[in-house]
Trainee: 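Dropping the structure in here first, questions after.
Residue numbering restarts at 1 for every chain, and letters A, B, ... go by the order of the sequence lines.
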Amino acid sequence: MNRLWLYLPLAVFFLLLGFAAYQLSQPKDEFVRSAMIGQPLPNFTLPAAMPGGQGVSASDFADGQPRLLNFWASWCLPCVAEAPHLDTLRDEGATIIGIAIRDRPEDIARFIGQHGNPYAAIASDDISAVQLALGSSGLPETFVIDGRGVVRYQHIGDVRAEHVPVLLAELRKAAR
Amino acid sequence: MMAELGLAALWLAAALAILQLVTGIWSMRAPELVAITGAVRPVTILQAVFAALSFTVLLYLFAVTDLSVELVAANSHTAKPLLYKITGAWGNHEGSMLLWVTVMALSGALIAGVEYRLPERTMQAVLACQGFVAAGFYAFLLFSSNPFARLPQPLAEGNGLNPLLQDVGLALHPPTLYIGYVGLSVAFSFAVGALVTRQVTPDFARAMRPWVLGAWVFLTLGITAGSYWAYYELGWGGWWFWDPVENASLMPWLAATALLHSVSVLAARDALRTWTLMLGVLAFSMSMLGTFLVRSGILTSVHAFAVDPQRGTFILILLAIYIGGALLLFALRAGAVAEGERFSVASRESALVVNNVLLTAILGIVLLGTLYPLLAEAFGERVSVGPPYFNLVGAIFALPMLAVLAIGPLLRWRRDSLQRISRPLIVLAAVGGAALVLTAVLFGVGFLPLAGLVLAAVLAVASVMPLSGRNLRRVPLAVWGMVAAHLGVAAALFGMASESAFTSERLVALAPGQATQVGPWQVRFAAVQPVAGPNWTALEARLEARIGTGAPVVLTPQARSFWAPAQQTTEAALATSWNGQLYAVMGGAADDGRWQIRLWWKPFVTFIWYGGGLIALGGALSLAGRVADDLKRRRVRARGARRRAQMVPA
């Protein structure tokens with residue numbers, strides 16, 4: 001009996017090790033999800049990103065039509081990778097509103113010249129205010145906003161080919 | 001070429017670690033093979049030489065910013081000051097692991113070079129164990145974290161070092177902590193060696209004690225420095241956050257503190273044999289666990305190293321082998337270690353046992369709190385365990401432990417009675433009562449800080465009592481060490497309780513020219529000006545603080561922008577006086593030309609780190625005393641042997 005006590009530390013250690021091994025084997029969800037899902041858009045008005053363009057405000061989203069809201073920047077490399085898939089989304093009928101983060105008009109123009117312009121409008125958010133208000137912590141990120149201006153879905157990271165049908169389905173869901 | 005030299009040295013060191021393991025085991029099996037037994041110590045020393053060479057090469061690569069090396073390119077930048085180029089060598093995963101094994105190899109070499117008190121067989125087992133542990137960490141470096149990997153194309157410029165790490169505190173904090181962590185590997189190997197040979201004697205304890213003391217001193221310094229670094233660099237005004245990585249450094253310290261005291265009981269009274277071995281295994285196990293927690297990314301922490309599940313798996317396997325193996329050996333052999341001497345309830349030993357149990361309980365609480373999110377997540381729940389748990393539950397065990405700490409040193413070894421020490425006990429009770437009345441009536445502080453302040457007063461008086469009635473010139477250094485360390489605990493406790501009870505905080509928006517009040521300080525916001533450093537620019541606020549009509553003290557907190565990598569940091573400004581610190585942080589600008597200024601007045605907060613320093617000093621005094629005693633004993637023995645040799649021919 002007395003001898004068995006000596007095995008206690010070993011047993012405790014392997015129990016802990018088991019938990020740690022289990023934890024390591026689990027895929028890690030590193031994403032910080034927005035708390036704004038299901039909430040109406042925070043009130044905002046942003047100026048156009050390029051001269052002659054059109055600004056964006058929260059009230060624009062309440063006209064009954066669901067939209068994609070895409071946060072991006074000309075300096076963001078994954079945004080280059082995502083550009084062709086945004087084009088596909090537009091061709092499939094999605095309306096995409098772009099918000100350029102901490103960007104310059106001439107850089108935005110150059111980016112669009114090189115990678116195409118999938119956006120119905122591009123606004124400029126110089127201090128990430130709207131981005132932060134939406135609970136987005138990185139670029140690029142894409143939100144599905146329904147026709148009443150409610151945030152319905154958040155896609156973190158660049159949009160890849162396999163995400164296009166997912167986003168289209170979310171848009172259809174938001175239209176119902 | 002240099003990077004390849006470093007890598008070659010690392011491979012050689014790894015091979016020598018394996019050779020050390022093989023020759024160690026072989027010479028235990030075949031003590032008559034002098035060629036093998038004689039090789040164990042030289043091989044150990046040679047392993048350290050190559051490890052040190054490898055680390056020196058890494059330092060050189062960082063000093064010259066060799067951007068063809070991936071690690072340098074990812075963590076350094078040509079525009080950094082030279083000091084931070086060099087310290088950048090261990091501000092990353094690979095470099096810090098190389099530092100880790102280098103320290104381990106050097107401590108192994110130190111035992112091989114100077115430790116001759118252990119029985120030779122135990123010594124061989126100890127060195128074999130050191131080689132075995134080191135080999136695993138070399139494999140980890142070589143197969144999953146090569147610090148010398150080259151880039152296919154050299155970069156034109158490096159990525160830079162996290163600006164928070166560009167600080168003198170960081171230059172010293174990790175190496176100090178690592179010497180402590182890894183120094184405990186010596187205690188671990190000693191415990192394993194003793195379990196293998198079943199020789200646990202007071203001589204064994206006397207041989208083990210200086211190594212434990214040395215590691216513990218560095219660990220204490222490392223934790224104290226880390227706490228102060230977090231306090232002034234992170235700009236949150238707190239000095240301990242119960243972050244998993246902080247806990248990872250506290251746990252080995254708690255185990256080492258317990259070990260330090262139990263090894264003394266073993267040395268003085270030949271008691272607590274198995275318990276001492278257990279703690280020896282536990283202390284280094286906690287160090288390795290700490291390493292695992294930081295590197296694997298299974299716990300979320302502010303000390304975010306680049307995390308990689310593959311590395312986590314590697315370290316997990318190493319932990320299973322080393323800790324699991326040592327605990328298995330303990331389970332199989334500890335029963336065979338003969339029971340030590342007995343002692344009565346009222347004795348120095350008993351007090352030390354109670355303290356040991358309470359320290360271990362605190363260790364258990366910290367371990368549980370640190371790993372609880374991990375356990376809960378396995379059952380699908382996400383929780384985080386924070387200060388309310390640690391402070392309250394920790395205090396439940398820490399307060400009685402500190403009370404016993406006040407009384408224990410007054411008791412005699414083996415057998416004593418509370419009647420004999422009734423006079424000092426009455427004095428202590430009177431001090432405690434006076435402190436209670438003073439703090440409760442004058443300031444009306446909450447329960448925990450109140451208990452802390454009262455205990456600090458009692459402990460401060462109690463810690464110097466072992467000196468009373470003695471000729472101070474004849475008090476051994478080890479006793480001075482104990483007094484200093486216990487006084488340090490009292491000082492740190494006083495600082496913690498005072499900070500928690502009396503801190504005043506003010507968050508205000510001020511325009512230049514306006515003033516505010518925090519604690520006794522009148523603080524005037526004089527101006528904002530731009531300043532530039534070697535790799536940053538900053539906005540600096542000029543604050544003039546004064547008490548009453550006294551001379552103003554100028555504080556200049558900054559909001560810094562680093563450009564490599566681009567990052568904003570806040571540099572807190574501190575004004576230290578004998579009775580506390582004024583802490584200022586500059587925030588952002590409001591639209592109307594006002595600036596956010598955050599101010600804290602923290603009475604006696606500095607005592608936390610003075611206390612930590614005093615604890616480490618106590619350890620160092622003790623160590624010096626023990627080593628001096630040992631050298632003296634060795635000289636006396638040598639003289640005796642010489643005399644006997646001279647007498648024989650006559």
Side-chain angles (χ1 to χ4, degrees), chain A residues 1-35 37 43-47 73-79 100-104 107 125-133 135 137-139 154 156-157, chain B residues 195 274 277-279 281-282 285-286 288-289 292-293 295-300 304 307-337 339 360 364 367-368 370-380 382 566 588:
Chain A
M1 178 57 213
N2 199 14
R3 286 287 174 90
L4 280 183
W5 281 107
L6 297 175
Y7 286 89
L8 187 67
L10 187 67
V12 171
F13 171 67
F14 273 102
L15 190 70
L16 288 178
L17 209 64
F19 275 111
Y22 170 78
Q23 204 59 40
L24 271 179
S25 67
Q26 295 305 104
K28 197 108 181 149
D29 184 7
E30 305 267 321
F31 294 125
V32 179
R33 305 265 163 211
S34 171
I37 311 290
N43 204 13
F44 68 87
T45 305
L46 288 174
S74 67
W75 46 263
C76 142
L77 282 178
C79 298
I101 302 297
R102 296 172 188 259
D103 222 327
R104 285 192 294 245
D107 293 335
D125 184 0
D126 278 343
I127 52 168
S128 303
V130 176
Q131 187 195 9
L132 291 178
S137 52
L139 291 184
Q154 178 191 25
I156 297 174
Chain B
L195 283 169
T274 43
L277 295 183
M278 182 70 232
L279 286 175
V281 169
L282 192 65
S285 298
M286 286 297 151
M288 287 197 281
L289 192 72
F292 169 67
L293 289 179
R295 319 280 158 162
S296 66
I298 61 167
L299 288 177
T300 314
V307 291
D308 178 347
Q310 206 195 336
R311 281 179 187 159
T313 311
F314 207 125
I315 302 189
L316 198 63
I317 293 169
L318 290 182
L319 289 193
I321 296 171
Y322 296 139
I323 305 180
L327 290 176
L328 181 65
L329 188 67
F330 177 82
L332 294 173
R333 288 291 174 84
V337 172
E339 206 178 321
T360 315
L367 183 67
L368 183 68
T370 309
L371 294 182
Y372 189 75
L374 186 74
L375 308 185
E377 214 169 304
F379 296 106
R382 283 202 165 202

Trainee: Using 0.5 Å steps for rounding, measure from the CG atom of B:Leu328 to the CZ atom of A:Phe13.
Mentor: 11.5 Å
Trainee: Give the member of B:Leu319, B:Leu332, B:Ile317, B:Ile323 that has the highest number of heavy-atom pairs under 4.5 Å with chain A.
Mentor: B:Ile323
Trainee: Is B:Leu282 close to chain A through its backbone or its side chain, or both, or neither, when contacts mean heavy atoms under 4.5 Å?
Mentor: neither
Trainee: Within a radius of less than 6.0 Å around CG of A:Asp107, do more than 12 heavy atoms belonging to other residues, nucleotides or ligands occur?
Mentor: yes
Trainee: Rounded at 0.5 Å granularity, tell me how far CG in B:Leu371 sits from CG in A:Leu15.
Mentor: 10.5 Å
Trainee: Provide the closest heavy-atom pair for A:Ala20 versus B:Leu316 in the form atom of the first, atom of the second, distance.
Mentor: CB-CD1, 3.9 Å
Trainee: Against chain B, label A:Tyr7 side chain, backbone, both or neither, depending on which of its atoms sit under 4.5 Å from a heavy atom there.
Mentor: both
Trainee: Decide yes or no on side chain to side chain contact (heavy atoms under 4.5 Å, CB included) for A:Leu6 and B:Thr274, but give the supporting numbers first.
Mentor: CA-CA 10 Å; A:Leu6 297 175; B:Thr274 43; 5.7 Å; no
Trainee: Where is the tightest heavy-atom contact between A:Leu17 and B:Ala320, given as atom of each residue plus distance?
Mentor: CD2-CB, 3.4 Å
